[in-house]
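Written below as structure tokens is the structure these notes are about.
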Amino acid sequence: MERPLIAVLNGPNLNMLGQRQPEVYGRATLDDVEQLCQRTAEKLDLAIDFRQTNIEGELISWVQECRRRAQGIVINPAGYTHTSIALLDALLATDLPVIEVHISNIHRREPFRHHSYVSRAATGVICGLGVGGYSLALQAMTDLIVREENQ
Ligand code: CA2
């Protein structure tokens, strides 16, 4: 049987991970995060499609593509978390399990980071556990997919 495909989508500025603000986001780069996701996916027998964009419309188009090709979405929408109803609408339209990931604990930060539009479309949210949150999200996604198959 083919491995389930999980899209791991990353929003704006996450390409700068590891280069600035290590006190907030740690020292891992986005390449390190991709490798972590690949290793986790192999253990879980998942396939992943790992992407990052600084462009809102591109992120939305990728989410739309997932409807035809993926079994789940792990997304760190970065700044669009707090601003994008368009991204929320795209996620709601997929009818796929969505796990929202934040490296930092957005609730311990500035008030404008406390609200997430995306959470309304998310099956679950992981935040504040560093880049390890991506790995936890893939594990949780596996459980969600298995549960769906058994229903
Ligand atoms: O904690 C997270 O993962 C965030 O999604 C990261 C976003 C932020 O806007 C959210 O509130 C929380 C920012 C991503 C930018 O990452 C940078 C990394 C290094 C240097 C500069 C930005």
Side-chain angles (χ1 to χ4, degrees), residues 4-44 46-67 69-145:
L5 178 67
I6 308 303
V8 183
L9 305 180
N10 293 280
N13 299 309
L14 284 163
N15 54 313
M16 295 198 297
L17 216 54
Q19 294 170 35
R20 306 179 82 194
Q21 293 184 270
E23 68 289 356
V24 182
Y25 300 115
R27 296 199 178 275
T29 65
L30 195 63
D31 280 350
D32 295 331
V33 178
E34 180 166 7
Q35 282 175 37
L36 171 68
C37 288
Q38 287 292 0
R39 283 199 304 273
T40 308
E42 268 163 42
K43 282 187 203 145
L44 296 168
L46 298 172
I48 60 162
D49 183 1
F50 189 98
R51 299 184 188 191
Q52 187 274 332
T53 180
N54 292 326
I55 303 167
E56 184 175 13
E58 189 164 41
L59 192 56
I60 290 167
S61 294
W62 289 348
V63 168
Q64 289 181 4
E65 282 171 27
C66 287
R67 294 176 67 185
R69 48 191 298 269
Q71 275 67 58
I73 300 174
V74 170
I75 186 165
N76 183 346
Y80 295 139
T81 307
H82 319 294
T83 63
S84 183
I85 296 170
L87 178 59
L88 167 65
D89 287 341
L91 288 164
L92 287 172
T94 62
D95 271 336
L96 291 170
V98 173
I99 301 183
E100 177 183 348
V101 174
H102 299 286
I103 297 165
S104 62
N105 181 351
I106 55 176
H107 302 290
R108 285 182 84 171
R109 300 184 62 191
E110 305 95 319
F112 63 83
R113 294 187 203 274
H114 295 181
H115 177 258
S116 165
Y117 283 105
V118 167
S119 292
R120 207 177 170 90
T123 311
V125 182
I126 296 172
C127 84
L129 299 177
V131 298
Y134 285 80
S135 194
L136 294 170
L138 290 171
Q139 288 173 47
M141 186 60 80
T142 307
D143 293 345
L144 289 173
I145 291 170

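Ligands are counted one by one from 1 in listed order, and the atoms in each one are counted from 1 as well.
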Which pairs would a plain distance check flag for residues 11-26, meaning a side-chain donor or acceptor within less than 3.5 Å of a matching protein atom at least two apart in sequence or in another chain?
unit_1	atom_1	unit_2	atom_2	d
N15	OD1	Q52	NE2	3.4
Y25	OH	R109	NH1	3.0
Y25	OH	R109	NH2	3.4

E100-T81 side chain donor-acceptor pair, cut-off 3.5 Å: no
R51 atom CZ, neighbour heavy-atom count above 12 within 6.0 Å: yes
Main-chain N/O of L91 paired with T94 side-chain donor or acceptor, under 3.5 Å: yes
Parallel, tilted or perpendicular, as decided by the 30° and 60° cut-offs, for the rings of H82 and F112: perpendicular
Option passing side-chain contact (heavy atoms from CB on, under 4.5 Å) with T53 (candidates N10, L59, L9): L59
Residues in contact with ligand 1, criterion: heavy atom under 4.0 Å: P12, N13, L14, M16, L17, R20, Q21, Y25, N76, A78, G79, H82, H102, I103, S104, I106, R113
